[in-house]
Novice: 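I have a structure here, written as structure tokens, and I will follow up with some questions on it.
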2 protein chains.
Amino acid sequence: MSSATKALELLTHFSLAQPEIGLSQLCRMVKRDKATTYRHLQALETVGFVEQNPMTRHYRLGPALLQLAQTREATVPRKAGAQLPLTDLANATGETAHVAVLSGTTLYTLLSCESPTYSTRAIIDVPSLPLHATATGLCALAFGPDTLFDAATRALERFTDTTPITPEALARAVACVRDTGFGHSQGCFEAEIVSFSAPIFDYTGQFAGAVAVACVGSRFTPDLELAIKTHLISTSRVISHNWGGTLPAHIEGLWSGLPSYSEVLDTTP
Amino acid sequence: MSSATKALELLTHFSLAQPEIGLSQLCRMVKRDKATTYRHLQALETVGFVEQNPMTRHYRLGPALLQLAQTREATVPRKAGAQLPLTDLANATGETAHVAVLSGTTLYTLLSCESPTYSTRAIIDVPSLPLHATATGLCALAFGPDTLFDAATRALERFTDTTPITPEALARAVACVRDTGFGHSQGCFEAEIVSFSAPIFDYTGQFAGAVAVACVGSRFTPDLELAIKTHLISTSRVISHNWGGTLPAHIEGLWSGLPSYSEVLDTTP
DNA sequence: AACAATGGTTCGTTATGTGAACCACACTTA
DNA sequence: TAAGTGTGGTTCACATAACGAACCATTGTT
């Protein structure tokens with residue numbers, strides 16, 4: 001692992017839940033030496049990726065990120081085209097919806113949107129999603145580039161006791177996604193969370209990401225599943241369109257077996 | 001310079017004008033070896049800071065930046081509190097307005113807003129601003145931490161023939177800013193650009209950044225100067241307020257000598 | 001006053017980054 | 001066809017810069 005990678009890895013530990021982190025605390029999080037972590041933070045600070053709270057001396061994300069994110073979004077608009085369809089999806093299903101984009105062999109969380117319908121909600125607060133243990137990841141394996149499967153099998157971490165941790169189990173799960181057109185994960189990443197996902201295609205005609213709904217297990221019913229899948233289809237179509245792409249005919253074909261939208265309308269809260 | 005810093009420095013070369021850059025081109029830009037640059041790009045790619053356009057194999061900024069920028073803005077809201085006052089400022093003056101934030105000893109461009117009034121406009125497209133050659137930078141030197149002056153004198157790059165390149169000339173410019181309460185640069189960074197700036201203070205009570213108006217030199221008149229300064233004052237107050245701070249009394253005092261707003265209202269287009 | 005945190009620094013060892021030279025490929029040009 | 005020029009990507013001997021145990025200075029607690 002390069003030194004630059006190690007330094008940048010530090011950034012992933014800053015989150016809404018923990019926006020400011022002290023040196024010692026960060027060392028414990030990344031299990032690295034204090035001197036090393038300090039030098040990394042210095043490097044990040046010189047380029048404006050982190051800054052120090054002058055009061056507490058704790059570190060937080062820096063202003064240079066805003067610039068770069070702005071340029072990225074202007075270059076490859078993703079957020080803008082996903083925001084509205086996603087909130088619609090969350091509201092329609094009453095559950096948490098999120099969109100992830102594939103870059104290389106990693107799925108990065110782009111947006112997450114919770115529905116205010118219930119007070120217990122699924123929270124998506126990880127910067128990237130494991131390929132083998134999430135509905136989104138399985139979707140990527142099923143419809144993304146073939147190289148993903150190798151990458152996935154190289155990191156078959158067990159999160160719960162239903163996480164597929166053998167290449168064979170993973171291949172079965174992926175085959176199922178290819179058959180149905182939906183990614184599906186039942187407590188494989190976090191127990192008590194059931195989620196479904198649909199692929200998104202961009203202007204290159206390739207798999208670009210996936211949209212998913214994560215619902216708390218205790219609320220899950222066959223009716224809800226049908227509602228989620230129906231809404232996922234239209235959301236996937238809209239976002240793909242906004243990203244300059246369309247869904248391949250074979251995927252539309254897989255989905256055509258579902259009951260029509262009107263039949264499930266009354267199952268939504 | 002650490003290896004991590006060198007890798008991260010690559011990111012600053014991506015801009016709206018040049019959102020995708022090939023390996024060879026980037027090597028020329030940073031004057032570094034191809035192998036080195038390639039490894040740096042690899043590192044950046046593994047953490048999602050850049051990605052490759054699969055068609056052209058050129059590199060562009062990656063999706064991980066969006067996540068981080070979102071967290072940064074949620075942690076320390078700056079953009080949200082500056083956006084509206086800034087567009088108001090641009091519209092009121094008919095020129096380009098921008099806001100920069102100080103992090104360590106660097107001023108990062110946060111937002112830039114052009115007015116549609118004229119078809120020739122000043123464009124602010126650099127990620128960070130030199131301390132010694134911009135109105136914003138002089139403002140930081142005048143009202144920011146004392147350590148800035150040393151940092152500035154260590155990088156007295158000459159941009160035009162009016163750029164102050166001796167510590168003495170710089171000290172005189174800063175003294176002038178301390179006397180008037182406004183940063184001022186007349187073609188010191190880019191010829192033909194005249195700009196004025198006012199400091200912004202945040203909840204810590206410290207200098208947090210500056211707001212500035214950059215106008216094309218051929219349009220500059222004493223009337224416009226007065227209009228710009230008047231609008232800068234109110235914009236600086238509003239943004240400081242939105243960032244949880246207020247302007248120190250001694251700066252308000254410096255500004256109180258200006259004619260009132262109503263007297264200059266009719267000079268705005 | 002002893003203790004346990006914190007952020008930050010030093011220095012000898014060694015892992016890691018470096019760049020000249022290289023390859024494979026694509027597109028012009030003669 | 002063959003040489004020329006550009007690209008992205010790879011190799012390997014070498015030297016630089018990253019590493020981490022041990023250290024210091026502060027702060028707040030017991």
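Reckoned from all heavy atoms, side chains included, excluding hydrogens, waters and symmetry mates. Given the structure is predicted, the values throughout are model-derived calculations rather than measurements.
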Novice: Starting at CG of B/Leu41 and ending at P of D/dT10, how long is that distance when rounded to a whole Å?
Specialist: 13 Å

Novice: Is there a donor-acceptor contact under 3.5 Å linking the side chains of B/Ser103 and B/Thr106?
Specialist: no

Novice: Taking ring-ring contact (aromatic ring centres under 6.0 Å, His included) as the test, write out the residues that go with B/Phe189, two or more places apart.
Specialist: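 Residues passing ring-ring contact (aromatic ring centres under 6.0 Å, His included) with B/Phe189: B/Phe159.
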
Novice: What does nucleotides 7-24 of chain C look like as a protein-contact string, B for base, S for sugar-phosphate only, - for none, at under 4.0 angstrom between heavy atoms?
Specialist: BBBB------SBBB----

Novice: Let me know the distance between CE of A/Met29 and P of C/dT6, rounded to the nearest Å.
Specialist: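 Result: 13 Å.
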
Novice: Verify the ring-centre separation between B/Phe49 and A/Phe49: is it less than 6.0 angstrom?
Specialist: yes

Novice: Between B/Asn53 (CG) and D/dG8 (P), how many Å, whole number?
Specialist: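 Taking CG of B/Asn53 and P of D/dG8, I get 12 Å after rounding.
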
Novice: Would A/Glu73 and A/Arg78 pass as an ion pair if we require N to O under 4.0 Å?
Specialist: no

Novice: Search all heavy atoms of A/Ala198 against all heavy atoms of A/Cys139 and return the closest pair with its distance.
Specialist: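 Looking at all heavy atoms of both residues, the shortest contact is C-SG, 3.6 Å.
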
